[in-house]
Amino acid sequence: MPQQVSSRVAFSEPAHTLRRIEKPSLHGKLLPKSSVTFLLFRTTESTMPRYDAKRIEPKWQAFWAEHDTFATPDQPQQPGAGKLYVLDMFPYPSANGLHVGHPEGYTATDIVSRYARMQGKHVLHPMGWDAFGLPAEQHAIKTGTHPRETTYANIDNFRRQLQMLGFSYDWSREVSTTDEDYVRWTQWIFLQLFDSWFDPEFEWTGPDGKKRTGKGRPISELPIPAEVEAEGAEAVRRFRDEHRLAYQSEAPVNWCPELGTVLANEEVTADGKSERGNFPVERRKLRQWMLRITSYAERLLSELDDLDWPESVKSLQRNWIGKSVGAEVDFFVLDPNQSSDEARKQRASTGFPAKPGDDVLRVYTTRPDTLYGATYMVVAPEHPIVDSIVTAEQKDAVEQYRQKAAHKTDLDRTDLAKEKTGVFTGAYAINPVNGEKTPIWIADYVLMSYGTGAIMAVPAHDERDLEFAQTFDLPIIPVVQPGDEKTDPIGFTEHGTAINSGDYNGTPTAEFKKKITADLAKQGLGREAVNFRLRDWLFSRQRYWGEPFPIWQELDEAGNPTGFVRAVDEAELPVTLPDMDDFAPKGTPEPPLSAAPEEWLYRTAEDGTKLRRETNSMPQWAGSCWYYLRFCDPKNGDAFIDPEKEKYWLPVDLYIGGAEHAVLHLLYSRFWHKAMFDLGHLQSAEPFQKLVNQGMILGEAELTGYRIPPDMDVSEQTDEMMATELQGNWVSARDAHEVDGEWKQKSTGATLEAVALTAEQVDKKGNEFHLKDRPEIVVDSRAHKMSKSRGNVINPDEVVDVYGADALRLYEMFMGPLEQTKPWSMSGVEGVFRFLGRVWRMIADDNAEEPVINPDVQDVAATEEQDRVLHRTIKAVTEDIDKLSFNTAISRMMEFVNEFSGQKPRPKAAMSDFTLLLAPFAPHLAEELWQLLGNDDTLTYTPWPKFDESKIAESEIEIPVQVNGKLRAKIRIPADADRQQMQDLAAADETIAGQLEGKNIVKTIAVPGKLVNFVVK
RNA sequence: GGCCGAGUGGCGGAAUGGCAGACGCACGGGACUUAAAAUCCCGAGAGGGGUCACCCUCGUGUGGGUUCGAGUCCCACCUCGGCUACCA
C-alpha cells in the first residue's frame, strides 16, 4: 500500500512520549524510503497515549529474570496436567541479528508455552544456538578475529534481542553447539555411529507395537564371513569398516583452483561458479566421511505416516527418500563368438543374481513391462564394466567422453541436459526376453549412483531415452498401447496394454510388470528390486569452524595413511579445535586443520602406531541433529541425556520452524534419533511429534508501475484501447505479470520495466491508485522477499524501539495464518499498537500521573450481555490457540475491547479474565494490568479462564430465511425453536409472505438454530 | 519437466456445506482543537432503483457438475508462489 503524503509523527514534551521524539526519522527508515513525506508538528501538551511500552517491558523482563519465572519447574502446576515440550528451530546467530522472520515462529511457540503453563501443564521451552558455520570462519579470514569470538558476540546480541521480545525461555538450559561440553556429546554420538552397523535382516517390534525389519547394532556383533576371516585380521578390519554407519569413501568435492579452496555446496552458484569471485569450480574426489542414512530409508519413510506433520513436508521427505519398486534384469554381454541362443541357454543355467566373473550387465527398471521395447542400453560413464567391454575401435572415443564427463561442472551438466550426449562402446548385450542384439552406449544422463548405473533404454516410452534415440538415430519400438486409440504410443509414458511383446501382448501394464518380473526370476534373469533416491550423507567438510572428528588415522612407517582409523578414547572427548591464527586456504584441497600445530595433529599410540588426527570437520547439521535432546538435560556430564529425562520429555510436542528445513535437518535428526534408539540410548522412536512451518514474511508492498520498452511499435496494436494504454509506454498494472523474475505484458508478451513509485506520483481515485500525470494507468503494489539489496529489510530492534515488543509480537501473529507467506505492513503494526493502547485505557487510568486502575473498572457484577461477550471471547480465544489460529484469537480480543471500552462501569472480574487471555500474546502489558488490578505476583501460573456455555447461549437468535436458496429476510426466533416453529415464523414474515404468495412450496428446509429455506415453483 | 500449496473488497485476511467480506489497515465524513496530532463516533463489495429507517441485480480465478443451498465438495482449465530437477 502507498503511504499517503501525510503526517504521522508528533512531538510532545512529557517524558513518556519522548520515544517518539528520539528518532523522528524512524518512520522514514521503517517505511519504504521513497513513498513517505513527513509533516512534523509540535505541541506543548501531551496527547499521546500513555500506554508506554518503554516503561512496562523492561520492568517485567527484569522481574521475570529476577524471579526465574520461566525456569522449568520440577512438576506440573496441576497434578496430572501432563508435560508439553515446545521447541523452536534454534537460530544460527548471524552478525546481522534477528530478522522479523525469527519472532514469528518464536512468538507462536511462546504463546503456546505461556498458555500451557496457565493450564497447569509442565512446560519445557528452551532456546540455544546453532553456532558453527561458514560466516564466522570467513569473517575470521578477512579480519583475523577468531570465529569463537565472533560467534559468542553474535550469540550475546541474539540473546539480548530475544529477551527484549519477552519470550518465556528457560535460559538456564541455553546451549550452543560450539560449547565444548556440547561438542563432546556430538562427537560421542558420532562414535556410536562409527561403532555400529545396520543389520537389514533383524526383526523386532517397535515401541508403537509395529513390527520392523532392520536395526542398527554394535559393530562387535557383525558376523564375519568365513572367507573374510580366512584372509586374516586386516581383511576382517576392512570388512568391519565397510559396514559401519559412519564410514569413509572417496567422494567428489567442489574444488576451486583459482581460490585454492574447497567450497561448500552453498558457496557454489547454480551455474557451477564460486559465489566469491565467480571462478570455475571442478569436482575432485577426496576421501570423505559418510553416514549410512540409506540403510534407514525404509524406516524413515514408513514411520512418517504417524507423525502430525504438514502433508507437504511429509511429501517432500517421501520424494527425497524416493522409493521406487521395479526390477533388476540381467543382460548378457555378447561374446562375438556365441550366438544369442547359446548365450541365453548358458545364462539360464547360472542363475540370478549373476556371479562374479559373469559378463553380465545388470539394469534397474521400474517398467520391466517395456523390456520388448529396449532397443539399446546405456551405462554411466564411470561404470566399471566399460573397460572390459569396450571394443578397440571405440576405445579412444569412449575414453575421451569419460574424461570429459569426469570434469564436468554443474553448469555443463544442466546445459547438456538440453542435449543428450553419449558414445557407443562397440559392445552388444542380449535382451533376455527376445534374444535381440542390443548396442551398449555410455552417456552421462545415466548416473552411477542410482540403481545399477545402467539402464535398458526404451525410447518409445521414456522421454530421455526418446531424446537420446532421436539424437543418435537408434530404433524406436512401441510396446505399450495407450487406452485412447488416438494417442500416439511413441512418447507415451503411462500405463496401457502390451503390444509387440510376444506372448504378453494385450496384458495391462500393472499386471505385465508382475508377471514378467516373476517369469524372469524363474529363469534366473531378474528379480524384483527396490531403489531409493536417497544417498548416503556426506558428513565431512573442509572447514575449521566445525566439530573435529574424534578419529585418529593410522600412519605407516613412512608417515602415510594406511586407510585404517581408530576412535579417540571416550575419556579424551571432547576433541577441541586447536588454536590457529591463520584460516586462509592453503591452495590444496586439504582441510584447514591439516595446518594445525604438530602437537595437536600427531601422536604415537600405546601399541607404537603413529597416528594423525582426522582433519576434516563435521557439517553444521551435526550439532542441530540432537539439540532437542540436550535441552532436556543440558548440564549432564555423564551422558548426552539422562534416560529418565528422555523418557519423560520426548517426543517434542510442538516444533515450529521454517520450511527450509523440511527435508535435510528433519531427516538427519530422525536418522540420528533412530540410530541412537537402535543402540539403546533412546526410548522414543521419533523426535518431533507435531511440526508446523511458519510462513515467510515478505517486505512491505511497494507501488509499482509498468513500462514497455521504448523500441516497441505501438501502432502494431490493433486494439484501440490497447493502443491508448501503450501510448507513452505505460501499461496498466492489470495487464502486467511477473514471469521468471521478469515483467511481461499479458496481452502482448512484451517485456516490461517495473518502476517503483513514490506517493507523490500517485493519485487515489475511489479505491484505485493511478499515475498523477496519466490517470488512465492503474498502479499496482507488490511485496517481495526482504533483502539487503532491495532495502526492504525490517529490523526488529527498530520496531520494538517505536512500538514495543508486545506490539511486534501481536502484529506478527495478527498478520495472517502462521503457515502462510505474508507481507509486512508498518501501518498494520500501528494498528495493533493502537489496540494495545485501547486495552491500556480500558483498564488503566490514562489521565493519572502514576499508573493506576481506571475508575470505571469497578467491583460490580457483569450484566448478562457482558457475561455473554466475556465467555464467548474466552471460548473463542481458547479454541483458537488450540488450533494455532492466533490471528483470529486476536480478532476476538479486539471485539471484546470494542465492546467493553465504551461501557461504564466495567466489571473488574471481566477485566481480569481478559487480561489473562491477553497474557500469552502481549505478556508485558498483561503483567502490568494484572498488577493494576490488584495482584502482586506474576500471572504466569494463574489458571487460564474457563468459559461457561450456558452464559453464551441467547434466548432469541436471528436466522436467515431463504427462498430458493436466496436470502430474502432475517427473522428473530427463540433459540430453541423446532423445525415447525421456524417454518411458521419464517412464513409469517412480511417479506417472505410476499415472496411466497401465489407460489407452490415444493419443499421446506429448516435447520434448527441455522436457517429456513423455502423451495418454490 | 516433476511434486506441493494458493487464488475472496483498494490491502492483510474471516467464514463445522447454511446471512460472504469478522478483525485490522488504508480511505471518506463527523466530534474535540486556534490548528495539527492523539482519541472517540459514523460510513463503506460493485452496479442500479427509490416513496432515502427500503428494495433489486451481480459478486469468492475461469468453465462445468453434485446439492434445497457451494468460497467450502467433485471434474477440467488458467494464473501465482514454493521446493526439486536427467533418479531409469
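Naming convention: chains lettered A, B, ... in sequence-line order (proteins, then strands); numbering from 1 in each chain. All of these numbers come straight from a predicted model, not from anything done at the bench.
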What's the [atom1]-[atom2] distance between [X] and [N], to the nearest Å?
X      : N     : atom1 : atom2 : value
A/Y803 : B/C25 : OH    : P     : 12 Å
A/E879 : B/A15 : CD    : P     : 13 Å
A/Y450 : B/A88 : OH    : P     : 4 Å
A/N898 : B/U39 : CG    : P     : 13 Å
A/E812 : B/G13 : CD    : P     : 14 Å

Quick one: label [X] by what it contacts on the DNA or RNA (base, sugar-phosphate, nothing), any heavy atom closer than 4.0 Å.
X       : answer
A/L1011 : base
A/E311  : nothing
A/N887  : sugar-phosphate
A/V961  : nothing
A/R838  : sugar-phosphate
A/T1004 : nothing
A/G831  : sugar-phosphate

Any strand: nucleotide that pairs with [N] via Watson-Crick or wobble, under 3.5 Å:
N     : value
B/C40 : B/G30
B/G18 : B/C68
B/G50 : none
B/C77 : B/G61

Is there a side-chain contact between A/K785 and A/M696 in this structure, where contact means two heavy atoms from C-beta onward sitting under 4.5 Å apart? yes
A side-chain contact here means heavy atoms from C-beta on lying under 4.5 Å apart; do A/T1004 and A/V1012 qualify? yes
Find every protein N or O atom lying less than 3.5 Å from an N or O atom of nucleotides 28-30 of chain B, and list the pairs.
none

When you check every protein heavy atom under 4.0 Å of nucleotides 67-73 of chain B, what one-letter string (B, S, -) results, 5' to 3'? -B-----
Which nucleotides of nucleotides 48-61 of chain B have their base under 4.0 Å from a protein heavy atom (B), which only their sugar-phosphate (S), and which neither (-), written as one string 5' to 3'? --------SSS---
Atom OG1 in A/T517, atom CZ in A/R527: separation rounded to 0.5 Å? 12.0 Å
Say you draw a straight line from CD1 of A/I890 to CE of A/M815; how long is it, rounded to the nearest 0.5 Å? 11.5 Å
Closest to the [X] side chain, choosing from [options]:
X      : options             : result
A/Y364 : B/U39, B/G13, B/A88 : B/A88
A/F814 : B/A14, B/C25, B/C23 : B/C23
A/P817 : B/G13, B/C25, B/C23 : B/G13

